[in-house]
Structures are given as structure tokens and as C-alpha cells.
Asker: 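Pasting a structure below so you can have a look.
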Amino acid sequence: MDRYRKQRIRMVDSQIRSRGITDPRVLKAMETIPRHLFVDEGLMDQAYLDSPLPIGEGQTISQPYIVALMTEALELTGKERALEIGTGSGYQTAVLAELAERVFSIERIASLASKTRKLLDSLNYFNVAIRVGDGTYGWREESPFDAVIVTAGAPDIPRILLEQLSKGGRLVLPVGDRYSQTLIRLTRLSEDVNDVKKEDLGGCRFVSLVGDWGWKD
Ligand code: SAM
């Protein structure tokens with residue numbers, strides 16, 4: 001039992017369950033995954049706070065509640081192929097790895113991707129593939145995906161990601177301006193890429209999705 005276990009259980013109770021997240025698989029994954037290992041040593045004692053934290057390169061590990069909200073919205077059962085855009089610290093990746101069959105994750109900053117690869121290997125997450133590149137193009141060779149999550153704020157919904165979604169698949173992403181966004185869930189209803197259900201999951205604030213179909217930096 002690691003020394004942060006109590007903090008982790010408290011985090012799930014006070015920040016996540018109390019705000020209405022009910023999927024037992026999401027709650028269990030977040031009670032289990034050692035979030036403190038996904039931040040620098042000097043920030044470990046803050047890893048279970050109700051906030052994002054810096055992970056270097058001007059990027060952040062997302063607030064635990066936002067990770068739970070986005071993951072629950074993907075409605076994972078354990079059989080899915082999931083695509084994540086914005087690997088970052090790998091914490092969200094680990095949550096997906098616990099809940100889906102295979103995870104494909106894209107990160108544009110090579111140093112973050114290699115650090116996260118090593119960490120996920122050390123935690124035995126062997127169902128995760130990570131690639132360095134512009135995730136706004138998705139990962140066409142591995143598509144279609146049952147679930148796609150974008151963990152950086154997009155100016156619009158990248159159509160390519162909708163195209164790589166299976167019928168019935170869910171795409172969850174923040175869309176808005178550079179400073180504030182709305183979390184959106186899109187469900188693809190048929191072969192027609194325009195036939196989608198769109199749901200608003202509330203306000204949020206993410207670092208920018210930088211890429212050819214995101215913000216130009
Ligand atoms: N889920 C991550 C976590 O909890 O650590 C969130 C990381 S951070 C909020 C967003 C990440 O998206 C950053 O690491 C950033 O470099 C990455 N990113 C931004 N634009 C990207 C793009 N076009 N393709 C891939 N990664 C991108």
C-alpha cells in the first residue's frame with residue numbers, strides 16, 4: 001500500500017463522486033492509479049489536490065475531476081479501441097488503459113512522450129501505443145476508434161477525428177477560445193460523418209491544441 005492511498009481515496013470521494021461521477025470502473029481506476037507518479041517529485045504532495053499541475057514544457061496534468069468527467073463520457077466497457085490526443089503526463093492515458101482494450105495516444109512534444117512511455121512501461125501498461133506527432137490528424141492506420149478523447153483545447157471540432165470514429169463511437173473534447181472552452185461529446189450515429197449527436201458537458205479550461213487542425217502556434 002503506498003503512502004498516498006488515503007489521499008487518493010479521499011480525492012475520489014470529495015472531488016469526483018461528490019460531483020456526480022457514478023461509473024464504478026472510472027471511480028475504481030482513479031482510486032487505484034498512483035497519480036503522484038505522474039508529476040515531478042517536488043509536486044507529489046500536491047498530486048491529489050483539486051487542480052491541474054504543471055508537467056513542464058508549458059503543459060499540465062488535468063484536474064482529477066475533469067479526467068473523470070471526460071472518461072465517464074466515453075462510456076468505456078473494456079472492449080474499446082481508444083484514441084487520445086495529448087498524452088502529456090500519461091495520467092489520463094493510464095485511466096484509459098485500465099478501462100479500454102487498447103489505447104493509442106499522440107503527443108506533439110517528444111520529451112513528454114518519451115518520459116511518459118517509460119513511466120507507463122514501469123507500471124505495466126502494455127496496451128498503450130504512444131506516437132509523437134500532430135494529433136489533429138488522428139491515427140488513421142489504427143482507426144476506426146470506439147472512443148476519442150482530446151485533452152487540449154480546440155478552436156473547432158477536427159473533422160478528421162470524426163471520420164476516424166466508429167459508428168456509435170464517442171468523441172469528447174474541449175472546444176472554444178484560447179482561454180476557456182466547453183466540453184463537448186459527439187456520438188457518431190451512422191456511416192455519414194455529419195450524422196452526429198452533440199452534447200454539452202460544461203465549461204473547462206485547457207492548454208491549446210496546437211496543430212494543423214488546431215491552433216497555429
Ligand atoms: N491528459 C494529459 C494529462 O493529464 O497529463 C493532459 C495533458 S495537457 C492538458 C495537453 C497535452 O496536449 C500537452 O502535453 C500538449 O503538448 C498536447 N498537445 C497539444 N496539441 C497537440 C497536438 N496537436 N497533438 C498531440 N498533442 C498535443
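Counting convention: from 1, in listed order, for ligands and their atoms alike. FYI, the numbering just counts along the sequence from 1. Worth knowing before you read on, the calculation uses all heavy atoms, side chains too, and leaves out hydrogens, waters and symmetry mates.
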Asker: Does some non-hydrogen atom of Pro52 fall short of 4.0 Å from ligand 1?
Answerer: no

Asker: Report yes or no: does a heavy atom of Thr87 sit under 4.0 Å from some atom of ligand 1?
Answerer: yes

Asker: Under 4.0 Å between a side-chain nitrogen and a carboxylate oxygen: does that hold for Glu107 and Arg117?
Answerer: no

Asker: Would you mind checking which non-hydrogen protein atom is closest to atom 24 (N) of ligand 1, with the distance to 0.1 Å?
Answerer: Gly135 N, 2.8 Å

Asker: Any idea which atoms of ligand 1 are less than 4.0 Å away from a heavy-atom of Gly133?
Answerer: 24 (N), 25 (C)

Asker: Show which atoms of ligand 1 fall inside a sub-4.0 Å distance from at least one heavy-atom site of Ile109.
Answerer: 16 (O)

Asker: Suppose we measure from atom 10 (C) of ligand 1 to each protein heavy atom; which comes out shortest, and what is that distance?
Answerer: Thr151 O, 3.2 Å

Asker: Nearest 0.5 Å, what's the CZ-OH distance between Arg35 and Tyr4?
Answerer: 13.0 Å

Asker: Please confirm whether Asp134 comes within less than 3.5 Å of ligand 1 when only nitrogen or oxygen atoms on both sides are compared.
Answerer: yes

Asker: Is it the case that atom OH in Tyr179 sees more than 12 heavy atoms from other parts of the structure closer than 6.0 Å?
Answerer: no

Asker: So, is Val207 polar-close to ligand 1, with some N/O to N/O distance under 3.5 Å?
Answerer: no

Asker: Determine the interplanar angle of the Tyr91 and Phe38 rings, folded into 0 to 90°, and report it as parallel if under 30°, tilted if 30 to 60°, perpendicular if over 60°.
Answerer: perpendicular

Asker: Near Gln92, which atoms of ligand 1 are under 4.0 Å from a heavy atom of that residue?
Answerer: 1 (N)

Asker: Where is the tightest heavy-atom contact between Tyr65 and Gln15, given as atom of each residue plus distance?
Answerer: CD1-O, 3.6 Å

Asker: Indicate yes or no: does Glu142 engage Arg131 in a salt bridge with an N to O separation below 4.0 Å.
Answerer: no

Asker: Please step through side chain to side chain donor-acceptor pair (under 3.5 Å) for the pair Thr136 and Asp134, ending with a clear verdict.
Answerer: CA-CA 6 Å; Thr136 63; Asp134 178 0; 2.7 Å; yes

Asker: Test of understanding: given a 4.0 Å heavy-atom threshold, classify the contact between Gln59 and ligand 1 as side chain, backbone, both, or neither.
Answerer: side chain

Asker: Looking only at protein heavy atoms, identify the closest one to atom 20 (N) of ligand 1 and say how far it is in Å.
Answerer: Val210 N, 3.0 Å

Asker: Using a strict 4.0 Å cut-off to heavy atoms of Leu112, name the atoms of ligand 1 that fall inside it.
Answerer: 14 (O)

Asker: Checking contacts here: is it the side chain or the backbone of Thr93 that comes within 4.0 Å of ligand 1, counting heavy atoms only? Could be both or neither.
Answerer: neither

Asker: Give the residue and atom name of whichever protein heavy atom lies nearest to atom 14 (O) of ligand 1, and the separation in Å to one decimal.
Answerer: Glu107 OE1, 2.7 Å

Asker: When hydrophobic residues are tied together by side-chain contacts of less than 4.5 Å, even through go-betweens, does Leu120 share a cluster with Leu83?
Answerer: no

Asker: Record the part of Ile61 in heavy-atom contact with ligand 1 below 4.0 Å; permitted values are side chain, backbone, both and neither.
Answerer: both

Asker: What is the nearest protein non-hydrogen atom to atom 8 (S) of ligand 1, stated with its residue, atom name and distance?
Answerer: Thr60 O, 3.0 Å

Asker: Identify whether Val196 and Leu173 are in the same connected component of the hydrophobic contact network (ILVMFWY, side-chain heavy atoms under 4.5 Å).
Answerer: yes

Asker: Given side chains that start at C-beta, do those of Asn127 and Glu101 come closer than 4.5 Å, heavy atoms only?
Answerer: no

Asker: Which atoms from ligand 1 have a heavy atom of Ile106 less than 4.0 Å away?
Answerer: 25 (C), 26 (N)

Asker: Please report which non-hydrogen protein atom sits nearest to atom 26 (N) of ligand 1, along with the residue it belongs to and the distance in Å to one decimal place.
Answerer: Arg108 N, 3.2 Å

Asker: Looking only at distances, can you tell me whether any N or O atom of Ala152, backbone or side chain, sits closer than 3.5 Å to an N or O atom of ligand 1?
Answerer: no

Asker: Given Gly153, Gly86, Ser89, Gly211, which has its nearest heavy atom closest to atom 11 (C) of ligand 1?
Answerer: Gly86

Asker: With heavy atoms only and a cut-off of under 4.0 Å, state how Ser208 meets ligand 1: side chain, backbone, both or neither.
Answerer: backbone

Asker: Grab the two heavy atoms, one from Val103 and one from Thr93, that are nearest each other, plus how far apart they are.
Answerer: CG1-CG2, 4.1 Å

Asker: State if Ser62 counts as touching ligand 1 under the rule of any non-hydrogen atom under 4.0 Å.
Answerer: yes

Asker: Hydrophobic side-chain clustering at under 4.5 Å (ILVMFWY, transitive links): who's grouped with Ile160? Put none if nobody.
Answerer: Tyr137, Trp213

Asker: Using a strict 4.0 Å threshold on nitrogen-to-oxygen distance, state whether Glu57 and Lys115 make a salt bridge.
Answerer: no

